[in-house]
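Quick notes on the structure that follows.
Just so we're on the same page: letters track the sequence lines, and every chain starts at 1.
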Amino acid sequence: METPCFMPVGTLGTVKGITAAQLGDTGARMVLANTYHLHLQPGEGIVAEAGGLHRFMGWDGPLLTDSGGYQVFSLGDINRINDEGVTFRSPRDGRRIELTPERAMAIQMDLGADVAMAFDQCPPHPASEAEVAAACRRTHSWLERCIASHTRPDQALFGIVQGGCFPGLRAESARVVASMDLPGIAVGGVSVGEPVEAMHRILRQVGPLLPEERPHYLMGVGSLPEMALAVAQGFDLFDCVLPTRLGRHGAALVGGERWNLRNARFRHDHQPLDASCPCPACRQHSRAYLHHLIRAEEMLGKVLLSLHNITHLVRFTRAMARAIREGCFAEGFAPWEAQSPAAHTW
RNA sequence: GCGGGCGUCGCCAAGUGGUUAAGGCAGCGGCUUGUGGCGCCGCCAUUCGGGGGUUCGAAUCCCCUCGCUCGCC
């Protein structure tokens with residue numbers, strides 16, 4: 001794959017106040033939705049009843065569902081975890097829910113996205129090598145069960161490499177997952193609180209270990225420098241909450257920087273946020289207006305900044321794709337690797 | 001005019017003689033990486049309406065003064 005792709009996240013069948021049509025206008029090609037959240041509400045039965053997730057949420061482009069493995073560990077109140085699966089209490093109504101590889105596959109098949117993700121165990125960042133090794137073994141055995149129970153031929157299944165910050169475990173996990181002959185491979189267990197240098201080391205190590213002909217998906221990563229670094233290491237696909245979460249919190253990505261639109265310096269700034277950007281926020285509104293909307297806690301401000309930030313990341317991935325096609329990726333984007341401030345050349 | 005009450009950060013508000021004057025809101029800035037529009041973290045009164053006393057020590061006690069407020073004329 002030579003076209004890096006960024007996926008905005010549509011947890012609940014919307015991207016936080018943005019319609020599918022608006023999302024399409026940003027240039028985003030693929031959307032990630034969430035098995036965990038959709039299972040809790042409204043439930044995969046309702047989605048299946050609607051004719052699948054595409055029709056339910058009004059998005060007819062490519063769609064990927066995360067398996068819920070990460071959310072169970074990061075959001076859930078876990079009661080029990082063993083080789084069989086995970087039992088946790090629903091934060092919504094307190095009922096006990098059991099998620100196993102088979103169950104995660106059944107739910108994702110009901111949801112009907114184009115890509116389903118394997119059910120994995122994502123250990124939290126400060127974890128011992130023994131703990132991470134156990135999570136890897138479990139993730140690998142769960143992957144076999146996911147493959148065995150995933151029977152929907154019109155849906156791809158991606159495996160997930162774990163291994164934390166331990167090179168030996170990463171190498172072993174990459175070998176095991178690559179051997180399964182799946183249509184795509186993801187690297188998980190990054191951006192879970194580890195230092196950025198640790199993530200960079202993992203990317204440099206694991207990227208080259210993955211089969212070149214199959215898409216590499218780096219889960220949860222969406223800062224510009226890290227996407228560029230990952231693309232340099234062969235990754236193609238990213239998802240991240242950052243553009244929309246930053247937008248909701250009043251921040252905009254402009255020229256490789258992060259601006260807090262709440263800041264008083266924008267109060268009298270009547271020029272466009274980013275004159276080079278084609279998004280609705282930049283085309284039709286000023287920094288002062290966006291500042292006002294954010295200060296007034298107006299939802300429109302959050303939506304406009306989210307649209308802008310998604311557009312920004314999509315433009316960035318497209319610029320990288322063009323650079324790869326034209327054979328000048330290293331000159332244009334390698335500066336990111338060294339954290340160079342000169343990177344805004346696209 | 002007489003009598004009572006009150007004046008502590010832009011706003012609300014603790015504190016009623018003892019180390020560097022709580023807290024909330026607002027303000028100023030920061031954080032957010034396989035999504036709860038959640039949340040978290042810094043910074044924000046050398047000074048208590050003003051002036052003068054008493055005291056080792058005063059936002060706290062006394063005197064004068066200014067302002068607001070309630071009641072009575």
Report task. Without swapping roles, check the side chain of Asp114(A) against the backbone of Leu63(A) for a donor-acceptor pair under 3.5 Å. Result -> yes

Requested in this report: Would you please confirm or rule out a distance under 4.0 Å between OP1 or OP2 of rC40(B) and any side-chain N or O of Arg245(A)?
Outcome: no

Query raised in the report: If only side-chain N and O atoms of Arg258(A) are considered, is one of them under 4.0 Å from the OP1 or OP2 phosphate oxygen of rU32(B)?
Result: yes

Report summary line: Of rG29(B), rU33(B), rG34(B), the nucleotide closest to the side chain of Val196(A) is rU33(B)

Query raised in the report: Under 30°, 30 to 60°, or over 60°: which ring-plane class applies to Phe329(A) and Phe333(A), parallel, tilted or perpendicular?
Result: parallel

Requested in this report: Check whether the side chains of Gln205(A) and Arg170(A) place a donor and an acceptor atom closer than 3.5 Å, and report yes or no.
Outcome: no

Query raised in the report: Are the side chain of Arg287(A) and the backbone N or O of Pro272(A) linked by a donor-acceptor pair below 3.5 Å?
Result: yes

Query raised in the report: Please give, in whole Å, the distance from rU33(B) P to Met199(A) CE?
Result: 10 Å

Query raised in the report: Contact class for Glu194(A) vs. all strands (heavy atom < 4.0 Å): base, sugar-phosphate, or nothing?
Result: nothing

Requested in this report: Could you verify whether a donor N or O on one side chain and an acceptor N or O on the other, from His150(A) and Gln155(A), lie under 3.5 Å apart?
Outcome: yes

Query raised in the report: So with a 6.0 Å cut-off around CD of Glu297(A), is the heavy-atom count from everything else above 12?
Result: no

Query raised in the report: With nearest nucleotides of RNA chain B determined for Ala264(A) and Asp66(A) from heavy-atom distances, which residue corresponds to the more 5′ nucleotide?
Result: Ala264(A)

Requested in this report: Mind running a 4.0 Å heavy-atom check of residues 118-148 of chain A against RNA chain B and sending the residues that fall below it, in number order?
Outcome: Asp120(A), Cys122(A)

**Report entry** Rounded distance (Å) that lies between atom C1' of rG30(B) and atom CD of Glu257(A)
**Finding:** 15 Å

Query - Consecutive-pair stems (3 or more, Watson-Crick or G-U, under 3.5 Å) for RNA chain B - result: B:1-7 with B:66-72, B:10-12 with B:23-25, B:27-31 with B:39-43, B:49-53 with B:61-65

**Report entry** rG18(B) and rC31(B), which share atom name C1', separated by this distance in whole Å
**Finding:** 41 Å

Report task. Just call it for Leu218(A): base, sugar-phosphate, or nothing, with non-hydrogen atoms closer than 4.0 Å on any strand. Result -> nothing

Query raised in the report: Under 4.0 Å between a side-chain N or O of Asn260(A) and OP1 or OP2 of rC31(B)?
Result: no

Query raised in the report: Between Thr100(A) and Arg145(A), do the side chains contain an N or O donor and an N or O acceptor separated by less than 3.5 Å?
Result: no

Query - Whole angstrom value for the distance that separates P of rC28(B) from CZ of Arg265(A) - result: 13 Å

Query raised in the report: Under 4.0 Å between a side-chain N or O of His37(A) and OP1 or OP2 of rG36(B)?
Result: yes

Report summary line: Gln162(A) has its side chain closest, among rG30(B), rG34(B), rG37(B), to rG34(B)

Query raised in the report: Could you state the CD1-P distance from Ile294(A) to rC28(B), rounded to the nearest angstrom?
Result: 14 Å

Report task. Could you give the distance separating rA13(B) and rC2(B) at their C1' atoms, to the nearest angstrom? Result -> 32 Å

Query raised in the report: Base, sugar-phosphate, or nothing: which does Gly189(A) touch, judged by heavy atoms less than 4.0 Å apart?
Result: base

Query raised in the report: Is it true that a side-chain atom of Arg283(A) and a backbone atom of Pro278(A) form a donor plus acceptor pair closer than 3.5 Å?
Result: yes

Query raised in the report: How far does the P atom of rC48(B) sit from the matching atom of rC9(B), given to the nearest Å?
Result: 10 Å

Query - Minimum heavy-atom distance between Ala252(A) and Leu261(A), given as atom pair plus value - result: CB-CD2, 3.7 Å

**Report entry** Expected output: side-chain Gln233(A) to main-chain Val206(A) donor-acceptor under 3.5 Å
**Finding:** no

**Report entry** Candidate nucleotides rG27(B), rG37(B), rG34(B), ranked by approach to the side chain of Asp239(A) - the nearest
**Finding:** rG34(B)

Report task. Mind calculating the distance between CD1 (Ile310(A)) and C1' (rU33(B)) to the nearest angstrom? Result -> 15 Å

Query raised in the report: In whole angstrom, what separates Trp259(A)'s CH2 from rG29(B)'s C1'?
Result: 17 Å

Requested in this report: Using a heavy-atom cut-off of under 4.0 Å over every strand shown, decide if Met117(A) touches base, sugar-phosphate, or nothing.
Outcome: nothing

Requested in this report: Take atom P in rG57(B) and the same atom in rU19(B), then report the distance between them in whole Å.
Outcome: 14 Å

Requested in this report: For the pair Arg262(A) (side chain) and Arg295(A) (backbone), establish whether a donor and an acceptor sit closer than 3.5 Å, ignoring hydrogens and angles.
Outcome: no

Query raised in the report: rC11(B) and rU20(B): how far apart are their P atoms, nearest whole angstrom?
Result: 27 Å

Query - rC43(B) to rG4(B) separation - P atoms, rounded to the nearest Å - result: 45 Å

Query raised in the report: Do any N or O atoms from the side chain of His39(A) and from the backbone of Glu44(A) form a donor-acceptor pair under 3.5 angstrom?
Result: no

Query raised in the report: Please give, in whole Å, the distance from rU33(B) P to Tyr217(A) OH?
Result: 15 Å

Query raised in the report: Counting just side-chain N and O atoms, does Arg295(A) come under 4.0 Å of either OP1 or OP2 of rG27(B)?
Result: yes

Query raised in the report: Counting side-chain heavy atoms from CB outward, which of rU33(B), rG29(B), rG37(B) is closest to Glu226(A)?
Result: rU33(B)

Query raised in the report: Starting at NE2 of His249(A) and ending at P of rG39(B), how long is that distance when rounded to a whole Å?
Result: 9 Å

Query raised in the report: Roughly how far apart, to the nearest Å, are rG10(B) and rU16(B) at atom C1'?
Result: 27 Å

**Report entry** Same-atom distance (P) from rG7(B) to rG49(B), integer angstrom
**Finding:** 8 Å

